[in-house]
Amino acid sequence: MRILIVKTRLHPGTIRLDRLMKTEPLELEYLYTALEDYDVSILDQYTSTRTLLKKCRSLQPDIVLFTAYITQTNCALQDATAIKKWYPKIKIFIGGPHAEVVPHHFFAPSIDGVVVGNHLKTIQAIVNCIAQHQPYYAVAGAYFNRNGQFIIAAEADPQSLILPHPKRILLNNRSNKFSFVHYLDCASIKTSWGCTGACTFCFCREMNGGRYAARPIEDVVTEIAGIQNQTIFIVDDNFCINEQRLIRFAELTALQGIKKTFIAYATAHFVAHHRDCIGQLVKAGLSALIVGLEYIDTHCLDAVSKHATLQENNDTIALCQYFGIELFALFIVDPDWEPDNFRALARYIKKHHIQYATFSTQTLFPGTVAYGQQSYSSDVMRTHASQLWRFDLLRLHKRPKHMSPLRYYLWLFYLYMLPSLTFASLAKLINRCGFRKTVQIISINCVVGIEFFWKLLWWR
């Protein structure tokens with residue numbers, strides 16, 4: 001039986017940052033590994049539907065599996081419709097973060113099933129049923145299209161979550177293609193599901209049924225030991241949750257003589273209160289932390305249940321600088337801001353010498369607590385189901401209160417350029433990456449900036 005695994009293409013209006021950050025597509029690697037007993041092909045699709053149809057014509061697959069984020073939803077449905085038109089006998093199933101939390105967005109005639117829980121085990125069970133010419137409708141963890149109605153037989157068991165060590169065929173075939181800013185030849189690893197946080201805007205905390213689960217750290221370190229790449233990107237929604245688990249991680253990497261560079265996500269609340277633990281992680285190879293600082297006002301942090309204070313944000317920045325950890329700070333920009341709010345954030349970045357930062361427009365994702373609390377007043381831009389590609393964290397979903405949309409985007413662009421406009425930042429980047437690589441990064445930033453404006457103005 002032939003299976004085609006597809007990472008869905010992006011809408012042309014989506015602002016792409018893969019020139020700066022293109023990480024290993026673990027979802028494809030895991031699916032390939034889980035189904036390796038069959039004839040499996042992978043299409044990491046960033047181009048057109050035509051490419052996908054050509055692939056279907058040449059492979060003649062029995063099953064096509066789509067994986068999609070919210071920004072890929074519309075394209076996934078369009079591609080599934082095109083496949084069914086030309087190859088109606090192909091079974092099409094879809095999964096991924098958005099399908100897990102908001103499955104009804106994929107309830108369409110061209111879709112045979114939407115996987116919502118324990119993805120690998122569920123997909124394995126479905127494929128095995130089809131291979132054995134048995135009905136798959138009783139498989140737990142998915143909604144199935146029964147005569148136009150999507151019905152789920154049973155919820156997946158959250159206790160049976162497993163992650164095999166992926167074969168990493170994509171990484172091994174083109175490892176130099178995967179990177180995170182200036183971290184090259186970068187592999188990815190997942191050690192847990194979900195997050196224990198309560199941020200109302202966060203989509204990640206809604207996954208896995210709102211529960212947090214973690215792999216045994218011994219198994220994680222064993223997997224890392226088998227990866228040839230020097231840099232490991234830990235893609236957990238929040239790696240820094242359990243202090244004892246992290247200390248054990250540091251101990252095991254030392255015992256096994258693992259000398260690698262690690263990038264991970266963390267919260268300011270944890271980092272600020274676990275100085276010794278962070279120090280041990282640095283000795284184990286921790287080089288960079290991605291931290292959602294979100295706001296520079298404790299009241300705003302409280303309003304989204306961040307469970308962090310401005311002082312904890314400040315302490316996190318200071319601790320990262322003390323240990324030499326590269327901090328990638330994540331901020332949220334509110335359309336209700338006045339120019340003074342933008343200036344205050346700019347001053348904060350300069351004062352604390354933040355070199356790497358991203359700035360997301362306040363975006364309420366379907367399925368989150370904040371989305372459910374949203375009231376549709378006249379200033380809220382209703383997003384039709386056919387425009388889910390607009391949830392790229394940059395576009396406005398609410399009309400700015402004190403300025404025009406163009407002026408708002410200009411302020412947003414200024415914030416993005418700010419960290420690279422100082423001599424200290426440039427000097428540090430040159431020291432870290434060399435002159436040639438620094439010029440390349442700045443050039444890419446300029447290209448992304450031009451694309452930023454062009455796409456925001458053309459696809460509003």
Quick one: does [X]'s side chain have a donor or acceptor within less than 3.5 Å of a partner on [Y]'s backbone?
X      : Y      : value
Asn313 : Leu293 : yes
Asp185 : Asn229 : no
Tyr212 : Ser192 : no

Are [X] and [Y] close enough that their ring centres sit under 6.0 Å apart?
X      : Y      : answer
Phe239 : Phe249 : yes
Phe107 : Phe150 : yes
Tyr416 : Phe359 : yes

Q) Would one find more than 12 heavy atoms of other residues, nucleotides or ligands at under 6.0 Å from atom CD of Gln132? A) yes
Q) So, is the end of the Arg2 side chain (NZ or CZ) under 6.0 Å from the ring centre of Tyr38 and within 45° of the ring's axis? A)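 No.
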Close side-chain approach of [X] to [Y], heavy-atom, < 4.5 Å:
X      : Y      : answer
Ile189 : Val220 : yes
Thr368 : Thr200 : no
Val64  : Ile83  : yes
Met403 : Tyr408 : yes
Ile123 : Tyr30  : no
Glu27  : His119 : no
Tyr183 : Glu326 : yes

(Q) Give me the atom names and distance for the closest heavy-atom approach of Val116 to Glu100. (A) O-CG, 3.1 Å
(Q) Classify the ring geometry of Phe180 against Phe233: parallel below 30°, tilted from 30° to 60°, perpendicular beyond 60°. (A)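 The arrangement is tilted - the two ring planes meet at 30° to 60°.
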Q: Would you please classify the geometry between the Trp411 ring and the Phe342 ring as parallel, tilted or perpendicular, with 30° and 60° separating the classes?
A: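 Parallel, since the angle between the ring planes stays under 30°.
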Q) What's the verdict on side chain to side chain contact (heavy atoms under 4.5 Å, CB included) for Trp389 and Cys75, showing C-alpha distance, side-chain angles and the deciding distance? A) CA-CA 8 Å; Trp389 56 269; Cys75 290; over 6 Å; no
Q: Check step by step if ring pair (Phe, Tyr, Trp, His ring centres under 6.0 Å) holds for Phe201 and Phe365.
A: CA-CA 7 Å; Phe201 61 84; Phe365 285 91; 9.3 Å; no
